[in-house]
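The structure appears below as C-alpha cells.
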Amino acid sequence: MSAQYSFTEIEKKWQAAWENSKLYSVQIDPSKPKYYALDMFPYPSGSGLHVGHPLGYIASDIVSRYKRLNGFNVLHPMGYDAFGLPAEQYAIQTGQHPSVTTEQNIKRFREQLNIMGFSYDWDRQVKTCDPNYYQFTQRIFALFFNHWYNKSAQKAEPLSTLEAHFSANGSADHNAHGGKITEFSAQDWQGFSPVQKHNILNQFRLAFIDETTVNWCEAMGTVLANEEVINGLSERGGYPVIRKKMKQWSLRITAYADRLIEGLERIQWSDAIKEIQKNWIGRSQGAEIDFVVRGTLKTLKVFTTRPDTIFGATFMVVAPELENLKEYCSDALWPAVQEYANKAKNRSEIDRMADTTKTGVFTGLEAINPFTGEPIPIWVSDYVLANYGTGVIMAVPAHDDRDFAFAKAFNLSIIPVIKPANTELELPLTESFSAKDGICFNSGFLDGLTVKEAIQAAITKVEKAGWGQAKVNYKLREAGFGRQRYWGEPFPITYDSQGIPQLENQLPVELPQVESYKPSGNGESPLSAVSDWVNTAQGKRETDTMPGWAGSSWYFLRYTDPNNSEVFASKEALQYWQQVDLYVGGSEHATGHLLYSRFWTKFLFDLGYISWDEPFKRLVNQGMIMGEDGQKMSKRWGNVVNPDDVCAQYGADTLRMYEMFLGPLTDSKPWNTNGIEGVSRFFGKFWRLFYDGENWAVSTEKASNEELKILHKTIKKVTEDIESMSFNTSVSAFMVATNELGTLKCRKREILEPLLILLAPFAPHIAEELWHQLGNKESIHIANWPQYNASFLVENSFNYPISINGKTRAQMEFELTASEDEIKQAVLNHEMVIKWMEGKPLKKFILVKGRIVNVVV
RNA sequence: GCUCGGGUGGCGGAAUAGGUAGACGCGCAGGACUUAAAAUCCUGUUUUCAGUAAUGAGAGUACGGGUUCGAUUCCCGUCCCGAGCACCA
C-alpha cells in the first residue's frame, strides 16, 4: 500500500486482476434485467487510436458500469470491422497479405483499448474477416437472395410463394415489390425456360443482379469506391472518373422505404440523424400523368409533385439516358439528340458538378397537355435524371427554378398559374415563383383554389379521366452490394452454364490466396485471376466481393452468441439480449451503416429470426475531438494526441475523466493539454481525502448532516447526469464534492465509501484501489449503486433575493414555512426596499416560494 | 438553394416547466510554505464608472423588436458559424 497516488502501478494491477477474474465476462441470466451497450466497432487502421476515438467508448463504458452497479446484466462487447479498402491498398503497395496487416492492427488496437480500462467482455470479440463470422454474412445474403417483398403483407416472404403465385395466376396481382415485368399467364410461366424464369425472379429477389452506375476510372482501369473519388477525380493520381453502367449485385432496400421512415418514430435518436435518413429516403407524394405524343399513339409518363401547376406546363423534358429515347424523337432530329445523349453519358462527374447551366436539344415532337389540349414541345436535357420518377418531366417554368432557367436559355414560353395569396405577381417574371402557398389562376377549374387544394383536385381529375394516378416516389436507390475488390466477403454464388446464379451449399466460401491484389484492369476483382477457385463443379464463382457494410449490418446480433457455429446466434441468446439499448458512435454513418443495419434488422424480423425490427433503441453520436489548433486531428496537421502517451503521463482514469469533462458528449471540442492538469489535480485531492500525508486517515466516525448533504446531493446529481449522458457536469459535481469535503476535512468512511462507488464508472482503477484499501474483498464494480435520500437535502430556510422592479437589491432569509403575508411584511419594512421604492406605491408583490421575491412599484 | 444544429468571460463550458447569469476547470495575477524549485494551499479574475478600501452604481448571454412583475431560456425578424443533402420534378 502506497501513500502516494501512483496511477501506473494501480492501473496495471487492476487491469490484470479484472482480466484474470473475468470480471466483465457475461452470461445469459434470466434472474437479472439485461442491458446492451454497444460502441460502433472500429476499422483497425494502421495508425492506431488517437484521443478522439475513445470519447464514445468512455461514455458507453460509464453507462455499462453504472448499469452493472444497478443490478443489470450488461452486455458490453467490442470487435473489429476488418474488411475494407485501406488494408487492400496497403497490400497493393507492399504485397503484404491484408489478413496479416489487419491482425497486426487489431493487436495494436486491443493494447490501446486495454490501457484505458474498458469493461468489454473480450470473450465475445468479433472480426468481420473471420470465416466463422462471414459464413453467416454469406448466409444472410443467401436469405436475401431467396426472398421477395410482398407489398400487401408488407413483409419479406420465401421466393417459393411467389413462384407458386406465378404458376397459378401468372403475373396478375402479384403484389411483389420490384421491377417492371411484361405480363404473362400461368401457362406462360409453366412453359418458360430456366433463363426466362431467372430473368423474371431476378426482378423480385431482395438480392438481385442489377445494372448499376459505378465510378469508373479509365486511367487506372478500375472501379472506384465513393470514398476514393474526390470532386470527380480519383483520390490517387487525380484521374477523371466517369459514371459507367455495370452489372452487379444489389439489395432491394427500396422495398423497406416506408418502414424505414416509420420506424424512426419509435427510436430515441437525435433529430439530426433522423432528418438525414428521411431526406436520404426522400419520400415525395405526387402523381404520374400520361401525355400523348402528338400524331402518335405513344404516351409520355411524367412524375410531378405539383399537378396543381399543370396549366402552366409549357414543355416536356426527357432524360438523355432514357432507354427508349428514340421513340420520343422525330427521325429528322434523332442524330442531334443522339449526339447530345452520348455527350451527356460520357460527361465526367467533375463537369456535371462544375456546370449547372442548362443544355439540351429539341426532339422535333410535341405532346398534348391533357388539361388544356395544347401541344407543347418535347426536349432532351441532362438536368432531368433517368433514374428518378419516370425520367420525364412536365416543365412549369413559372413555378420551378430549373425549368425557369431552361426556358430562359431556350426562349420557351412561361405561363404563371399560381400567385401569392395577398399580392399580384410582377410580370414578366424575373425568377420562378416556387412557394408552395398561393392561389391558382389561369387554370380552368382549379382557379381560386390554394396549392394544397389544387393538388388534390388535379389528382382526382387525373384519376377520373384515366390520365394517370397518385404516386409516391423515393430518392432512395437500391443498395449496390458488389465490389470489384479482393479484401471482402466472397459471394456464396456460382453461375451455371446458362449464367443462372445458384447458391453454394457449402459455407463459408472462403477467400482464396491471390498472387496480386492489383485490380485486373478490366473492372473485375483480383479474384477473377484465381482460376481453380473460380471454376467449381457447380459452376463459375462470382468474383465480386461484398461491400464494407455487409459485415457491419448485423454484427450487433453476433455479439449475443459469438461462437455459435450453427446459426448466427441462438434463439435463446437473441431472445434474452434483444435490441441494443444504447449505441454510441459517430454521425458520419447516418446514411450508410445506420440505415443498412435497420434494413437488415427489418428483414430478419420479417423472417422470424428476431422479435424486434429496430436494432438500436437509443443512439448517441459523440462529437469530434479537434486538435489543439482547432483543426481536425490528423497526421497531416501534426496535431494528433495519442491516448497511450496521455495514459503514461497522467493515467487512464485521468484521461477518461478529462475526456468527459471537456464538454457535452455530442459536441465537437478542441483538446487542451493544459486542461488535463485540472483533472489530474482533482485525483490528487481525492486521494488526500483518504490519506493525510503518509498516513491512511479514513475514520469510522459518524457523518454530520452537512457531510451527508454533500454526499446525497452528489449521488442525486451524478445519477441524473449519467441517465441523461451529461458526463461533463457529473465530473464537476465530483470536483465540488471533493472540494467541499476537503474544506470540512471529512475523512469518514460513511461518506467516502459510497462516493467511491459513484466514481467507479468514471475512474475504475482508483476507485477499485481505494475500495480494497477500505478493506472490501469483492470488486467495487459489482457493488450496489448508492441511493440518494431526499431527507438529507431538505432545506428549512431560503435566502431570497429581493428585487425591486426586476433588479436584485437585497437578500433576506426566510423559513420555507413562512406565509406570504409574513414575508411581505418583512420585505416591505426592509431598509433597502424602502430606499428603492422611493416612496412610490406598491403595485404588485410577487413571491415564488424558494426562488425569488419581486416588488413592483 | 433546401433541411437540421448552434452563437454565454481570455479559453473549454455551467445555468432553460422563465426566477440571484458566468458552476466546475484551464489560463492569468497576487500571496503562504521552501535556501530554492516542484508539489500543495489561500485570495482575486465578465466589463465600465466612482472610491485607498470594504463597497456602490450602470451595462452585459450575436444583433433588432415583442410577450412578461421578471427573458440566456418563449415569439418574430436579421446577421454569423457548423453539419447534411444537392438539377430528386
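Here the structure is a predicted model, which means the values were calculated and not measured. Protein chains get the first letters and strands the later ones, always in sequence-line order, with residue 1 at the start of each.
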Which whole-number value in Å describes the distance from A:Asn279 CG to B:A83 P? 17 Å
Among B:C85, B:C87, B:C4, which is the nearest nucleotide to the side chain of A:Trp280? B:C85
Distance, rounded to the nearest Å, where A:Met837 contributes CE and B:C69 contributes C1': 13 Å
Using the P atom in both, what is the distance from B:G18 to B:U68, to the nearest Å? 16 Å
Contacts of A:Asp400 that satisfy side-chain contact (heavy atoms from CB on, under 4.5 Å) - sequence neighbours left out: A:Arg402, A:Asp403
Taking atom C1' in both B:G66 and B:G56, compute the distance separating them and give it to the nearest angstrom. 33 Å
5' precedence on RNA chain B between A:Asp400 and A:Ala733 (nearest-nucleotide basis): A:Ala733
Sugar-phosphate or base contact per nucleotide [nucleotides 12-21 of chain B; S, B, -; heavy atom under 4.0 Å]: BSS----BB-
As a test of the definition: with a 90° window around 0 for syn, would you call B:G70 syn or anti? anti
Salt bridge (charged side-chain N to carboxylate O under 4.0 Å, His left out) contacts touching residues 722-739 of chain A (sequence neighbours left out): none
List in chain and number order the residues that pass side-chain contact (heavy atoms from CB on, under 4.5 Å) with A:Val293, two or more places apart in sequence or in another chain; answer none if no residue qualifies. A:Thr296, A:Lys298, A:Leu300, A:Tyr328, A:Leu365, A:Ile378
How far, in whole Å, is B:C11 from B:U48 if one measures between their P atoms? 15 Å
Test side-chain contact (heavy atoms from CB on, under 4.5 Å) applied to A:His712 - qualifying residues, sequence neighbours left out: A:Leu708, A:Ile715, A:Tyr788, A:Asn789, A:Phe792, A:Leu793
At 4.0 Å (heavy atoms only), tell me whether A:Val384 reaches a base, stays on the sugar-phosphate, or touches nothing. base
Listed by chain and number, what are the side-chain contact (heavy atoms from CB on, under 4.5 Å) partners of A:Asn621, not counting sequence neighbours? A:Ser270, A:Ile273, A:Ser587, A:Leu619
How many whole angstroms separate atom CG of A:Asn805 from atom P of B:C69? 11 Å
Here the distance between atom C1' of B:A89 and atom CD1 of A:Ile378, to the nearest Å, is 17 Å
Nearest-Å distance for atom pair CG/P, residues A:Asp721 and B:A23: 17 Å
Distance check, P atoms only: B:A15 and B:C4, in whole angstrom units. 25 Å
So which protein nitrogen or oxygen atoms get under 3.5 Å of nucleotides 39-50 of chain B's nitrogens or oxygens?
from  : atom 1 : to       : atom 2 : distance (Å)
B:U40 : O3'    : A:Arg688 : NH2    : 3.2

Does NZ or CZ of A:Lys358 fall inside the cone over A:Phe406's six-membered ring, less than 6.0 Å from its centre and within 45° of the axis? no
Tell me what A:Trp836 touches on the nucleic acid: a base, only sugar-phosphate, or nothing, going by heavy atoms under 4.0 Å. sugar-phosphate
Just call it for A:Lys807: base, sugar-phosphate, or nothing, with non-hydrogen atoms closer than 4.0 Å on any strand. sugar-phosphate
Counting neighbours of CD on A:Glu211 that are heavy atoms of other residues, nucleotides or ligands and sit closer than 6.0 Å, is the number greater than 12? yes
If you apply the rule side-chain hydrogen bond (donor to acceptor under 3.5 Å, both in side chains), what do you find for A:Thr591 with A:Gln277, and how did you get there? CA-CA 6 Å; A:Thr591 57; A:Gln277 290 207 346; over 6 Å; no
Tell me what A:Arg809 touches on the nucleic acid: a base, only sugar-phosphate, or nothing, going by heavy atoms under 4.0 Å. sugar-phosphate
To the nearest angstrom, how far is A:Ile625 atom CD1 from B:C11 atom P? 20 Å
Between A:Val856 and A:Gly282, which is nearer to the 5' end of RNA chain B once each is assigned its nearest nucleotide? A:Val856
Taking the P atom in each of B:G27 and B:G22, what is the distance between them to the nearest angstrom? 22 Å
Taking N and O atoms by type only, does the side chain of A:Lys475 place a donor or acceptor under 3.5 Å from a partner on the base of B:C85? no
Let me have RNA chain B in dot-bracket notation, would you? Count Watson-Crick plus G-U wobble pairs, both distances under 3.5 Å, and use [ ] for pairs crossing earlier ones and | for inter-strand partners. (((((((..(((......[....)))((((((.......))))))(((((....)))))..(((((..]....))))))))))))....
Tell me, please, which residues at least two apart from A:Lys709 pass salt bridge (charged side-chain N to carboxylate O under 4.0 Å, His left out). A:Glu795
Could you note down all residue pairs passing side-chain hydrogen bond (donor to acceptor under 3.5 Å, both in side chains) where residues 303-318 of chain A supplies at least one of them, sequence neighbours left out? A:Arg306-A:Asp308
Check side chain to side chain donor-acceptor pair (under 3.5 Å) between A:Arg252 and all other residues, then give those that pass, not counting sequence neighbours. none
What are the two closest non-hydrogen atoms of A:Phe661 and A:Ser732, and how far apart are they? CE1-CB, 4.1 Å
May I have the step-by-step check of salt bridge (Lys or Arg N to Asp or Glu O under 4.0 Å) for A:Glu659 and A:Lys669, ending in yes or no? CA-CA 10 Å; A:Glu659 292 218 359; A:Lys669 55 241 157 184; over 6 Å; no
Within less than 4.0 Å of OP1 or OP2 of B:A89, is there a side-chain N or O belonging to A:Tyr383? no
Whole-Å gap separating P (B:G5) and NZ (A:Lys278): 11 Å
Distance check, C1' atoms only: B:U55 and B:G44, in whole angstrom units. 16 Å
Rounding to an integer number of angstrom, what distance separates B:A59 and B:G1 when you compare their P atoms? 39 Å
Nearest-angstrom distance, P atom, B:A36 to B:U47: 33 Å
Rounded to the nearest angstrom, tell me the gap between atom CG in A:Asp403 and atom P in B:G1. 19 Å
Could you pull out all residues at least two apart from A:Lys301 that satisfy salt bridge (charged side-chain N to carboxylate O under 4.0 Å, His left out)? A:Asp290
